[in-house]
Amino acid sequence: MRVQRRVHGHRARGVRGARRRVPLRPQRESPARADGQGPHGRQQLPDGGDHARRGRVAPVAGGAGATGGATPVAAAVAAAVGGTRVRFAPSPTGFLHVGSARAALYNWLYARHTGGIFVLRIEDTDTERNREEWVDGIISSLSWLGMEPDEGPFRQSARTDAYHRAIDTLWEAGALYACGCSRDEIDARTKSNATPGYDGFCRDRGLEREGRALRFKVPEDGTTVVHDLIRGDVVFTHEAIEDFVVVKSSGAPLFVLANVVDDIDMHITHVIRGEDLLPSTPKGLLIWSALEGDDATLPAFAHLPLLVNERRQKLSKRRDDVAVESYQERGYLAAAMRNYLTLLGWSDPQGREILTVEEMVAGFELSEVNHAPAFFDLKKLEWMNKEYLRAMSVDAFIEAARPWLAPDRAPWPPERFDEGVFRTMAPLVQERVGVLGEVPDMVDFLFLERPLVDEGSWEALSKDDSAPAVLDRALAIYRESEWSAETLHSATQALADDLGRKLNKVQAPIRVAVTGRRVGPPLFQSLEVLGREAVLERLGAARERLGGDRG
RNA sequence: GGCCCCAUCGUCUAGUGGCCGAGGACACCACCCUCUCAAGGUGGCGACACGGGUUCGAAUCCCGUUGGGGCUGCCA
């Protein structure tokens, strides 16, 4: 017998039936506000309680579902009226990963595009691996990128009652069975099997559930189809799905279960997540059906292509640089990061690369998301960051750069920093740096007692035969010259002419002597800002060092 | 191994059967501009993985091959 269980996600339009069945009481205001809380309020979902009050959809007839409180048709109704509800559900086992950030972003964009709700849910069912500080880190990284949850963060750790109710329901319905096998026992038995995975050993043993892991009885025949907004129908034959564990022997729920229960209770209409979760989706679907008995409440799915490294492997916490926080730390702008991430898998219908948030929101479509994995290309991110940096007003740039000028990060003694001096140089610096972390390198010579000594630069200087003469002449001329960039420029040009050399040749030793580097902001402005006294002193010191080097 | 996903320049992509002798962006190279660097300008290199079909016509549809990836845990 071949049963085709047709499980499909819905487009908003595809659930009209539900709409007809259910008396609607549309609410204008956002659910959070209806609760008397701000849109960004951090509320706790009362576990397993009646959540309809939170929903965009008013309590409906046929209310309490099997899981205790979920309104089975609410999600479908919400979808039908455009009340999209999406969620980002990270597990707090580390910093926010750029891949997760993109998934969050696509959820957020879709929510904004459809005027829906963006829910944040912390999937912390694995107490062994979760750490509280990661939760804060994830929330602040999301916030940095401009994504504030409309609801949440909800924590799975606070919803155990809801899971236990769901587990009881499934158990009583005969969808589960207790399993006493250890991993080793299973491995030993299935090693020689053609189809690996659990062999169903305990399926008919009728074991007591107390103290045992609970497995889901996957139908032996038939298929489960995931209708994916990005990939189309993906068919999984039940034969290939083992009886998976849904509850640990400790009684704690596992990801597939908690995830589904939450999506039901939170009335999620669209599940947008990484493609790595696609293989576990039919399991969730099976649980969903067992719990709800009606596919009408099923959310639509959209499995995003993964972000990969140069070896085209999934970005990993261990070998790749994936923490959003670390990009922030290096001085990437949130807007640039967001823009770049958005373009990794989606492109603007008008072909624009630099987009405002409004433009992204307006043009974003799940159905237009690419199917193939995308390489996280630092080069392009940097280009984009530079574009954003250069597009800022000088004041905004100064504010953005401030953290990198602070005592804990800047290499100079705090008391030597001069806001006015930095302001003067800021426009010149702004158009040269790729990330804010490079700002100190551009201006450190202004605030350091002595310019730092860059080995390569000094080597070049000492190899330049004309350097001593250039320095000597510069010393003489700068002592007399009127002190402005313009006059210093022409005086130095005259010096070059005198020596029969190009200006770009003579400016080099002067730059190294004064700033310690071969590259930096325009030289003559730098000299003007630094001041005659310091310039002459540094020129002299360099000349001395050069002489000494030569014996 | 099994199941699943994917396949256009080095990279991100446009392309939804004729407008494609494949367009843009990043990167790279050359030249110009230039006090270094950056920016800017001009030009260049550079791809439909392969093989079969379907069709008057295929990058676009179908099948297969190859290649890559993901999943395969009492993690999520």
Side-chain angles (χ1 to χ4, degrees), chain A residues 89-93 100 123-126 128-130 156 179 181-183 186 193-198 212-215 226 228 230-231 234-237 239-242 244-256 258-259 273-282 303 305-306 308 310-314 340 343-349 351-354 370-384 386 390 428-434 442 457 485 488-489 492-493 496 502-508 510-512 515 517-526:
Chain A
S91 179
T93 56
S100 303
E123 305 222 327
D124 55 355
T125 51
D126 186 355
E128 299 289 303
R129 303 177 5 138
N130 298 320
Q156 291 191 326
C179 173
C181 302
S182 70
R183 188 72 243 172
I186 297 169
N193 282 12
T195 49
Y198 187 66
R212 295 205 172 85
L214 267 32
R215 289 181 183 274
V226 177
D228 193 280
I230 295 174
R231 289 156 212 288
V234 183
V235 182
F236 294 86
T237 58
E239 283 172 288
I241 305 174
E242 64 176 333
F244 52 98
V245 176
V246 156
V247 183
K248 297 188 198 184
S249 50
S250 68
L254 250 13
F255 159 74
V256 267
N259 188 264
R273 52 175 16 170
E275 188 190 15
D276 49 344
L277 262 8
L278 185 50
S280 77
T281 304
H303 286 94
L306 263 20
V308 298
E310 57 290 331
R311 294 164 60 192
R312 306 225 56 99
Q313 289 166 325
K314 176 167 104 165
Y340 178 66
L343 257 30
L344 243 30
W346 175 81
S347 65
D348 173 48
R352 295 170 295 197
E353 300 257 350
I354 304 289
N370 253 81
H371 300 181
F375 170 59
F376 187 83
D377 185 0
L378 216 49
K379 286 264 185 63
K380 187 151 187 178
L381 205 211
E382 183 143 347
W383 163 77
M384 193 166 277
K386 189 171 257 176
R390 289 166 54 83
L428 267 19
V429 174
Q430 182 179 1
E431 58 182 9
R432 285 174 170 73
V433 295
M442 285 280 174
S457 299
L488 288 168
H489 187 173
T492 308
Q493 179 66 60
K502 294 278 193 188
L503 178 56
N504 65 7
K505 290 294 180 193
V506 312
Q507 65 91 33
I510 297 172
R511 177 186 296 279
V512 173
T515 72
R517 303 173 191 275
R518 275 175 294 187
V519 301
L523 180 62
F524 304 112
Q525 269 106 328
S526 298

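Just so we're clear, the structure is a prediction, and the values are computed from it rather than from any experiment. Note: hydrogens, waters and symmetry copies are ignored here, and every other heavy atom, side chains too, is used.
- Here the straight-line distance linking atom CZ of A/Phe236 with atom OG1 of A/Thr281 works out to 6.5 Å at 0.5 Å rounding.
- Across the C1' atoms, B/A27 and B/U65 are found 33 Å apart, a figure rounded to whole Å.
- The distance from atom CG of A/Asp377 to atom C1' of B/C9 is 14 Å, rounded to the nearest whole Å.
- Remark: A/Met442 CE to A/Arg517 CZ distance equals 8.5 Å, nearest 0.5 Å.
- Atom CG of A/Leu343 and atom P of B/C26 are 12 Å apart (whole Å).
- In a base pair of the Watson-Crick type (N1 to N3 plus N6-O4 or O6-N4) or a G-U wobble (N1-O2 and O6-N3), with each distance short of 3.5 Å, B/A7 is matched with B/U66.
- A distance of about 30 Å separates the P atoms of B/G40 and B/C48, rounded to the whole Å.
- To the nearest 0.5 angstrom, A/Leu381 atom CG is 12.5 Å from A/Lys379 atom NZ.
- With hydrogens and angles disregarded, no donor-acceptor distance shorter than 3.5 Å links the side chain of A/His371 to the backbone of A/Arg231.
- Summarising the base pairing, B/A38 is matched to no nucleotide, lacking a Watson-Crick or G-U wobble pair whose two defining distances lie under 3.5 Å.
- Nucleotide B/C74 forms no Watson-Crick or G-U wobble pair with any nucleotide shown, as no partner meets the under 3.5 Å limit on both distances.
- Across B/U11 and B/U54, the matching C1' atoms stand 34 Å from one another, rounded to whole Å.
- Residue A/Leu503 comes nearest to A/Gln493 through the heavy atom pair CD2-OE1, 3.3 Å, listed as atom of the first residue, atom of the second, then distance.
- As a whole-Å value, the separation of A/Phe376 CZ from B/C26 C1' is 14 Å.
- Using a 4.0 Å heavy-atom cutoff across all strands shown, A/Gly345 reaches sugar-phosphate atoms only and no base atom.
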Sort me out a list of protein N/O and nucleotides 61-69 of chain B N/O pairs below 3.5 Å, or just none if empty.
none

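- Scanning all heavy atoms of the two residues, the minimum distance from A/Leu344 to A/Ala374 falls at CG-CB, 4.0 Å.
- Nearest approach of A/Pro305 to A/Glu275, heavy atoms of both residues: CA-OE1, 4.0 Å.
- Distance alone, capped at 3.5 Å, places no donor-acceptor pair between the A/Arg432 side chain and the A/Pro521 backbone.
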Under 3.5 Å, N/O pairs linking protein and nucleotides 44-48 of chain B:
none

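- Summarising the geometry, atom OG1 belonging to A/Thr492 is positioned 5.0 Å from atom CD1 belonging to A/Ile510; distances are rounded to the nearest 0.5 Å.
- Atom NZ of A/Lys380 is separated from atom P of B/U11 by 13 Å (rounded to the nearest Å).
- Under a 3.5 Å cut-off, the side chain of A/Asp124 and the backbone N or O of A/Asn130 do not form any donor-acceptor pair.
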Taking only N/O atoms, report every protein-nucleotides 73-76 of chain B pair under 3.5 Å with atom names and distance.
unit_1: B/C74; atom_1: OP1; unit_2: A/Arg183; atom_2: NH1; d: 3.3
unit_1: B/C74; atom_1: O2; unit_2: A/Ser249; atom_2: N; d: 2.8
unit_1: B/C74; atom_1: O2; unit_2: A/Ser249; atom_2: OG; d: 3.0
unit_1: B/C74; atom_1: N3; unit_2: A/Ser249; atom_2: OG; d: 3.0
unit_1: B/C75; atom_1: OP2; unit_2: A/Lys248; atom_2: NZ; d: 3.1
unit_1: B/C75; atom_1: O2'; unit_2: A/Asp126; atom_2: OD2; d: 2.8
unit_1: B/C75; atom_1: O2'; unit_2: A/Arg129; atom_2: NE; d: 3.1
unit_1: B/C75; atom_1: O2; unit_2: A/Arg129; atom_2: NH2; d: 3.2
unit_1: B/A76; atom_1: OP1; unit_2: A/Thr125; atom_2: OG1; d: 2.6
unit_1: B/A76; atom_1: OP2; unit_2: A/Phe255; atom_2: N; d: 3.0
unit_1: B/A76; atom_1: O3'; unit_2: A/Glu123; atom_2: OE1; d: 3.3

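- At a threshold of 4.0 angstrom between heavy atoms, the contacts of A/Phe236 are confined to the sugar-phosphate backbone, with no base atom among them.
- Pair assignment for B/G46: none, as no Watson-Crick or G-U wobble contacts are both less than 3.5 Å.
- Whole-Å rounding puts the A/Trp346 CH2 to B/A14 P distance at 10 Å.
- Rounded to whole angstrom, the span from the CE atom of A/Met384 across to the P atom of B/C12 amounts to 14 Å.
- Between B/G69 and B/A49, the two C1' atoms lie 16 Å apart (nearest whole Å).
- For the C1' atoms, the distance linking B/G44 with B/C35 amounts to 29 Å, nearest Å.
- For the C1' atoms, the distance linking B/C71 with B/G57 amounts to 41 Å, nearest Å.
- Here, B/U34 and B/A39 have their C1' atoms 11 Å apart, quoted to the whole Å.
- Using atom C1' as the reference point in both B/A38 and B/C33, the two lie 13 Å apart (nearest Å).
- Considering only residues two or more places apart in sequence or on other chains, A/Arg312 meets the side-chain contact (heavy atoms from CB on, under 4.5 Å) condition with A/Val308, A/Pro373, A/Phe375.
- In this structure, A/His303 atom NE2 and B/C71 atom P are separated by 13 Å, rounded to whole Å.
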Got a list of side-chain donor-acceptor pairs under 3.5 Å for residues 245-255 of chain A, not counting sequence neighbours?
unit_1: A/Ser250; atom_1: OG; unit_2: A/Ala252; atom_2: N; d: 3.3

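- In this structure, the side chain of A/Tyr340 does not engage the main chain of A/Glu382 through any donor-acceptor pair within 3.5 Å.
- A/Asn370 and A/Ile230 get closest at one heavy-atom pair: O-CG2, 4.1 Å.
- The two atoms that bring A/His303 and A/Asp228 nearest to each other are ND1-OD2, 2.7 Å, heavy atoms only.
- OP1 or OP2 of B/A7 has not a single side-chain nitrogen or oxygen of A/Asn370 nearer than 4.0 Å.
- For B/C19, there is no paired nucleotide, since no Watson-Crick or G-U wobble pair has both relevant distances below 3.5 Å.
- Regarding A/Arg273, its CZ atom lies at a distance of 13 Å from the P atom of B/C71, rounded to whole Å.
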Readout for nucleotides 33-41 of chain B: B = base within 4.0 Å of protein heavy atom, S = sugar-phosphate only, - = neither; 5' to 3' it is --BBBSS--
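- Scanning all heavy atoms of the two residues, the minimum distance from A/Arg511 to A/Pro522 falls at NH2-C, 4.1 Å.
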